[in-house]
Amino acid sequence: MLTIRSATWLLSGVLAGLAPAIGAGAWATPQATGKADKADKVDKADRADPQARAVRHLRFGTADRPFAADSPWNARPIGVTLGSFEIPKAKNFPTMEDGKWSTGVFVAASDDPPVTVLPLPGRKGIWDPDAEAMREQITIPRWPAGVVPAAAADGHGDIVDPVDRVIHSFNVLRFIDGQWRADQYAWTRLDGRGWGEPGHYFQGARAAAVPTMGGLVRAKEIDDGDELFRHALAMSLSHTGLSADPAYIFPATSADTGAKSNTGQIPQGALMMLPPDFDVSPIEDPLLRKVARTLKVYGAYVVDRNVETPFVIYVEMGANKSPMKRGWHPAFAAQLDRVRGALRQVTAVERWVDGNGRPMSMEAPQNQMSLRGPWRRGGAEATAMKAAGAGPNADAGRPPGVYDTRRQAVVFPPGEGIAVQVNDSGRSLQPVTWARPEAGKRYKLTATATGGAKLQLQLLDADRRTTLFDSGELADGASKTFEWPQGQGAVRLTVRSGPGPGESSVGGTLVPLEGPSPSSTRAPAGSGGERSAR
């Protein structure tokens with residue numbers, strides 16, 4: 001386990017219960033009634049909303065304004081219900097961090113050169129949590145000049161590639177003897193949600209599986225003349241504030257491995273807000289006042305754990321705007337503590353508006369299936385080869401396919417013949433606690449393939465003796481809608497390469513056709529995924 005100050009990695013143990021889980025179901029936008037007068041009232045309310053008017057000019061999915069307008073980072077809750085648990089005091093006062101424990105954002109240009117990142121000295125690879133594999137190296141196609149990762153143990157640094165529209169997020173990024181090295185890597189779309197989904201569950205270097213620039217107070221925003229930041233903020237809590245069970249809730253897909261030592265009641269992924277009547281006028285520091293206003297309107301998502309600090313709000317590294325840089329004084333400490341005492345977890349939301357102030361839902365279906373390995377030879381070809389004396393993983397004339405996290409697919413390199421591979425490890429359905437498949441609910445499986453490749457999903461009982469569902473082989477674009485069977489205990493995925501000599505690939509999505517129920521958003525004890533050993 002990697003021990004760090006503000007993020008200990010990776011998935012939660014999800015142990016003894018302390019707080020009720022508030023997931024996607026609790027934040028659902030109410031279903032439309034179909035009545036024109038209700039829609040009319042919502043539309044008029046949005047037009048009269050000063051916050052909605054203030055964001056009409058914003059362009060989302062850019063380096064300065066990352067993620068889609070309907071990302072949780074850019075969405076705004078209307079009509080919130082707040083919990084009662086107060087963030088406990090700790091050894092240190094709350095703080096806003098823009099130094100070595102924060103993160104930098106570095107934007108590549110189209111003509112920047114590629115850079116290959118290697119593992120840290122003494123490590124056998126770079127941990128890729130999406131693939132659940134150690135990578136010998138990772139090549140970033142465009143690497144900007146002037147990259148300076150955070151100097152503390154986390155070593156965070158996010159690189160934005162506006163050409164590929166990708167954010168590359170690193171943990172323990174270091175430049176050693178003329179070579180870039182890192183401990184962990186994940187990626188997310190610049191114009192995406194900025195949070196993981198059950199299939200591609202880890203999309204950044206934070207413990208909650210988000211990029212470190214998610215919710216970051218950017219240097220350009222601090223003195224932009226606006227009264228608040230037009231997005232939710234990123235916050236960490238100490239173990240006395242965080243809960244052990246559930247360790248995370250929607251929209252987070254992960255939490256710290258050390259969650260079992262938490263003694264509080266707030267899971268990672270929780271949205272924290274100040275009540276509407278919180279008075280910001282006594283706050284003299286302009287940055288803290290702007291943060292407090294933002295906490296009343298957008299809130300802050302809990303994305304990490306820190307050491308002995310009630311909460312930390314993250315500011316872009318190098319902004320040099322933190323009040324701490326200007327000297328500590330009792331009045332400022334008192335205001336930070338006043339914010340701490342008033343912050344509460346959001347437990348319900350009447351409705352949401354996106355970054356443009358338009359009504360939206362938090363319950364958009366998300367892919368629940370990954371094609372991460374391990375894969376082995378399978379099918380009739382492998383059986384015939386084994387009977388002829390070849391090993392179970394012998395090459396039938398075509399190199400085996402390998403899972404490519406960037407393509408979210410198994411990619412077969414060029415070769416002759418057909419390769420068939422099987423994955424029955426169970427890792428294709430990552431156990432994100434709020435997205436477990438539910439018996440009796442309907443799901444849609446869709447294949448995405450190139451070069452004639454095909455995908456097959458089989459659901460088996462716990463003994464793997466009875467097939468409860470078989471999709472059959474699906475070519476590109478083909479889909480199968482089915483009801484999740486009772487008694488399912490194992491999963492088998494089979495991929496078949498295309499017949500031609502060129503490259504082929506196969507991926508797929510498994511999407512629920514119904515929104516998650518409140519019970520499905522809970523994180524029962526012992527249900528969290530576990531990180532494989534280094």
Side-chain angles (χ1 to χ4, degrees), residues 45-46 48-58 73-90 92-98 102 215-237 241 266 270-302 309-316 319-347 349-350 352-353 355 357:
D46 288 340
D49 184 350
Q51 305 299 342
R53 294 198 304 271
V55 295
R56 296 295 186 193
H57 66 286
L58 297 179
W73 291 116
N74 294 320
R76 182 162 50 89
I78 307 294
V80 301
T81 300
L82 301 179
S84 59
F85 179 75
E86 179 179 315
I87 299 172
K89 293 187 177 184
N92 303 314
F93 278 94
T95 189
M96 290 180 287
E97 172 65 24
D98 67 354
S102 186
L216 191 67
V217 173
R218 303 294 294 280
K220 293 179 180 179
E221 298 177 301
I222 293 175
D223 298 318
D224 63 1
D226 202 346
E227 64 178 5
L228 69 158
F229 302 105
R230 298 294 170 179
H231 57 81
L233 306 178
M235 170 185 289
S236 67
L237 303 178
I266 302 171
L271 180 63
M272 306 296 293
M273 295 188 75
L274 290 172
D277 60 355
F278 183 84
D279 185 7
V280 302
S281 62
I283 301 177
E284 295 182 358
D285 184 88
L287 176 55
L288 179 55
R289 187 165 59 247
K290 192 170 183 176
V291 164
R293 286 175 176 151
T294 306
L295 291 172
K296 293 175 64 173
V297 176
Y298 287 90
Y301 284 101
V302 180
T309 304
F311 72 79
V312 177
I313 297 287
Y314 291 98
V315 180
E316 185 175 3
N320 294 321
K321 293 291 186 177
S322 169
M324 276 59 73
K325 298 290 190 299
R326 300 191 290 275
W328 184 264
H329 54 85
F332 175 71
Q335 289 302 327
L336 275 171
D337 193 61
R338 180 168 163 263
V339 169
R340 175 204 60 78
L343 277 171
R344 294 292 186 273
Q345 180 183 349
V346 174
T347 58
V349 175
E350 290 181 6
W352 291 85
V353 295

Worksheet item: Sub-3.5 Å donor-acceptor pair from the side chain of S102 to the main-chain atoms of Y314, do we have one?
Response: no

Discussion item. On a heavy-atom basis, which atom in D337 and which in K89 lie closest, and how many Å separate them?
Written reply: OD2-CE, 3.4 Å

Discussion item. Strictly by salt bridge (charged side-chain N to carboxylate O under 4.0 Å, His left out), give each pair with a member in residues 288-299 just once, sequence neighbours left out.
Written reply: D224-K290

Discussion item. Tell me every residue that passes salt bridge (charged side-chain N to carboxylate O under 4.0 Å, His left out) with R218, counting only those two or more places apart in sequence or in another chain.
Written reply: E316

Worksheet item: What heavy-atom pair brings I78 and V349 nearest, and what distance separates the two atoms?
Response: O-CG1, 3.7 Å

Worksheet entry | Shortest non-hydrogen separation from W73 to L233 and the atoms involved | CZ3-O, 3.4 Å

Fill in: R338 side chain near I283 side chain, heavy-atom distance below 4.5 Å
yes

Worksheet item: CG/L237 to CZ/F311 distance, rounded to the nearest 0.5 angstrom?
Response: 9.0 Å

Worksheet item: Looking at CE of M96 and CG of L336, how far apart are the two atoms once the value is rounded to the nearest 0.5 Å?
Response: 6.0 Å

Worksheet item: Do the side chains of Q335 and P282 get nearer than 4.5 Å, heavy atoms only?
Response: yes

Fill in: Candidate pair L82 and V346, rule side chain to side chain contact (heavy atoms under 4.5 Å, CB included), full reasoning
CA-CA 5 Å; L82 301 179; V346 174; 3.8 Å; yes

Practice prompt. Check whether NZ of the Lys or CZ of the Arg R340 lies under 6.0 Å from the centre of the six-membered ring of F93 and within 45 degrees of that ring's axis.
Written response: no

Worksheet item: Does I87 reach the side chain of M272, with side-chain heavy atoms less than 4.5 Å apart?
Response: yes

Practice prompt. Kindly indicate whether the side chain of L343, heavy atoms from C-beta on, has any atom under 4.5 Å from the side chain of M235.
Written response: yes

Worksheet item: To the nearest 0.5 Å, how far apart are CZ in R230 and CG in N74?
Response: 12.0 Å

Fill in: Heavy-atom pair of closest approach, residues L287 and D285
N-OD2, 3.1 Å

Worksheet item: What closest approach, in Å, do M273 and P77 show between heavy atoms, and which atom pair accounts for it?
Response: SD-CG, 3.7 Å

Item to complete: List in chain and number order the residues that pass side chain to side chain donor-acceptor pair (under 3.5 Å) with D279, two or more places apart in sequence or in another chain; answer none if no residue qualifies.
Response: S281

Worksheet entry | Criterion side-chain contact (heavy atoms from CB on, under 4.5 Å) against V315, the qualifying member of T95, V291, I222, L216 | I222

Fill in: Side-chain touch L295/F278, heavy atoms, less than 4.5 angstrom
no

Worksheet item: If you round to the nearest 0.5 Å, how far is CG of L228 from CD of E221?
Response: 10.0 Å

Worksheet item: What's the shortest heavy-atom distance between I313 and A300, and which atoms?
Response: CD1-CB, 4.3 Å

